[in-house]
2 protein chains.
Amino acid sequence: MTTPTLSRRGATAPASPIRRLTPYADAAKARGIHVHHLNIGQPDLHTVSPMRAAYARFNDEVIAYSPSEGYLYYREALAGYYNQLGHDAGGGPIEPSQILVTVGGSEALLFTIAAACDPGDEILVAEPYYTNYAGFAHMLGVTVTPVTTHASEDFAIPVDRMRAAITPRTRAFIVPSPGNPTGMVLSAADLRALGQVCVDANIFFVVDEVYREFVYPEPPVPSGMPLPPAPSVLAIPELARHAVMIDSVSKRYSACGARVGCLVTRNRDFYLSCLKFAQARLSPPTVDQFAAAAALATPVPEMRAMIDAYRARRDLIVAGLNQIPGVRCPNPTGAFYLVTDLPVADAEDFCIFMLRDFDFEGETVMMAPAEGFYATPGMGRNQVRLAYVLDPDKLTRCLLVLRAGLSAYARRQTAAAT
Amino acid sequence: MTTPTLSRRGATAPASPIRRLTPYADAAKARGIHVHHLNIGQPDLHTVSPMRAAYARFNDEVIAYSPSEGYLYYREALAGYYNQLGHDAGGGPIEPSQILVTVGGSEALLFTIAAACDPGDEILVAEPYYTNYAGFAHMLGVTVTPVTTHASEDFAIPVDRMRAAITPRTRAFIVPSPGNPTGMVLSAADLRALGQVCVDANIFFVVDEVYREFVYPEPPVPSGMPLPPAPSVLAIPELARHAVMIDSVSKRYSACGARVGCLVTRNRDFYLSCLKFAQARLSPPTVDQFAAAAALATPVPEMRAMIDAYRARRDLIVAGLNQIPGVRCPNPTGAFYLVTDLPVADAEDFCIFMLRDFDFEGETVMMAPAEGFYATPGMGRNQVRLAYVLDPDKLTRCLLVLRAGLSAYARRQTAAAT
């Protein structure tokens, strides 16, 4: 019997680097090992209370299509939230008509790449980068070009190297801030400098700001005080025609399974193109939008408690990692990820070892080899990405397990060499 | 200030034909006119009761990512539903591993076209067709090629004309059954014949079966009896490697805003390609999946009441349309759409007239000009698509309004000509 040929893009679609080791984790669990998941940004913190309550309160007799651009009541509430953050600075207030509600930040990225790029075009990223950008680009026939950043430079994006990486086919620079996987936060000055490169090259500047609240300034802001979020590309008036901001409720409200995100842009033509893509898929989720609107009313103390919890975890895991012989981990200032060097030559081999060949008192740790977060072959081979989405007791156990695992792995490597 | 260039696909993305006249409808509403919406498939029937109750019952403390392929509990429930329908006939039972849960049927179509086609490839459709296929194809750089069907032939798809329309770039034939916009239902023999053409050409055969329960057999099946659904492509074992079935909860449970669909295929390579696209977007909606699983337990009498309501509406609107002088409407046997000829030269001009220049006792009707449902320029110019998603009293009013509108439009045309 004949079998139809898959498309080239279908046959060569990249697997997600955070899921590639899942079969090893499943096998470990089948052997009774407890696997701590540091590989995926699925927080353990409870979804914010107003959002959870909203699902129970939703009472429409017909769960109808939402408008393709999202409900006006939700876009109005979002505009109020952004304007309160100061995103209106200089460029005029954010209007509901500049907000397109999407199915998570993922769909906002898909529409953005499609509206900016034709097949054969390129998006520029700062590697290590959020690899789902590559998944969407691949689906759309678009290539990812990297500018490399380094742990030794706190993953700062060098403007000159970025400018040099732009080609005639580059259509957009896409960067998350606070960053995934690095946890680094771009300052307003960084955004201005990177944005100027985009204006000079006349390409879109796409900033994925889904972690904006999760920032850890020095000195710490006392718990009772409002915590200023990460700077936004929307607050830079000179970038009005080039800036696209990507957002999502997933992390902010610990509600990854509520598939509500948005893109915000003052570029009307860009908005209208994305709207046409949105019309083809009809509607973002109706009930999730209702819950997302409720989430905007989360009390400040509840939000602060979440942010403070991540900060405490960041402090714990970074200090713990740097106490392990041979580990050098930079100190991320936002989000809930870090990329750290490990004293191993091949982090993927080590991650597989941890799942397949090792446990410490019946426990092991699943990590994401960082190589998958680089577009340049061979980069990041001695690095892993960790998501500190577990409580401090578990993170302490993870550090113990990792330390013991590194020792065991080193002994095994030595034994194999002799 | 410079402005970055949109992609060609962004700049030329097609507007949805069912939404293009929305500004006229909005203006009519602003003048105090009541606009009956027959232009969009948004049912007025209540979402099924187990589904509505599920939202109130969902009580996870963390609304977490679902697996990218959907929750196993939901895929198991879906497999049970399909197997109970007899979709296992011959080809072995449908397994959960053959089901990929998507964000509505829309995303299943997007993944399917991406896994089958590279930029420059073609999908074949039977026009008039569901135009969102064109939106997804356009986004992916894929061309839509039509085989034309005719109201005078009850929109039957002629196998010879279909075969002749396949080119070396054709990668899939995509057809809804029951049909949108025609309401026509493919028999098992039709599916076999069309499927054989796909096997001969070695292309994917994609059948969009989201309306499978909404069929109106002759003679009618008494209300107490189970109603056999439309035949499924999954039940034809010869098509195991070529068939992809698209599904969604939107219409079946009157829950368009719950964005849960799926694709089902026995072609493992095809499935795995789609899974990689799914991994990039992380997760379908978590709470909507919980509700969709509950919907599968909707009592048969509640489902039958919904189907019987649509059948009564179909009978009412088709009879009413054929009583209007000059109108010839075929009798659709499924879904809740029809395409009818009107005694006008330019249906779009008439639809605009209805919204901009006409009302009957303060009411008017919004319809979708059928031209937008054809890929061949000039086809369908005297046709409209109607969705009979309003209750019988409102449909009766719509028929009155339409009849009066056609008279007024004819008078105006005559006056303009003299």
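Basis for what follows: all heavy atoms, side chains included, without hydrogens, waters or symmetry-related copies. Convention: sequence-line order gives letters A, B, ...; per-chain numbering from 1.
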Give, as side chain, backbone, both or neither, the part of [X] having an atom under 4.5 angstrom from any heavy atom of chain B.
X        : value
A:Val389 : neither
A:Ile203 : backbone
A:Ala291 : neither
A:Asp269 : both
A:Tyr71  : neither
A:Thr286 : both
A:Asp121 : neither
A:Leu109 : neither

Original post:
Who among A:Gly135, A:Ala116, A:Ala134 has the most heavy-atom pairs with chain B under 4.5 Å?
Top reply: A:Ala116
Original post:
Under a 4.5 Å heavy-atom cutoff, which of A:Met51, A:Gln279, A:Glu107 has the most pairs with chain B?
Top reply: A:Gln279
**OP:** If the plane angle is over 60° it's perpendicular, under 30° parallel, otherwise tilted; pick one for B:Tyr55 and A:Tyr55.
**Re:**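 The arrangement is parallel - the two ring planes meet at less than 30°.
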Examine whether an atom of [X] lies under 4.5 Å from a heavy atom of chain A, and if so say whether it belongs to the side chain, the backbone or both; otherwise answer neither.
X        : answer
B:Thr47  : both
B:Phe290 : neither
B:Val249 : neither

**OP:** Nearest 0.5 Å please: distance from the CZ atom of A:Arg9 over to the CZ atom of B:Phe277.
**Re:**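 Separation between the atoms: 6.5 Å.
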Original post:
How long is the gap from CZ on A:Arg52 to CZ on B:Phe58, to the nearest 0.5 Å?
Top reply: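 Between atom CZ of A:Arg52 and atom CZ of B:Phe58 there are 9.0 Å.
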Original post:
Would you say the side chain of B:Thr3 lies within less than 4.5 Å of the side chain of A:Asn267, judging by non-hydrogen atoms?
Top reply: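 Yes, their side chains come closer than 4.5 Å.
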Subject >> side-chain contact (heavy atoms from CB on, under 4.5 Å) evaluation trace for B:Val62 with A:Asp44 >> reply: CA-CA 7 Å; B:Val62 183; A:Asp44 62 329; 5.7 Å; no
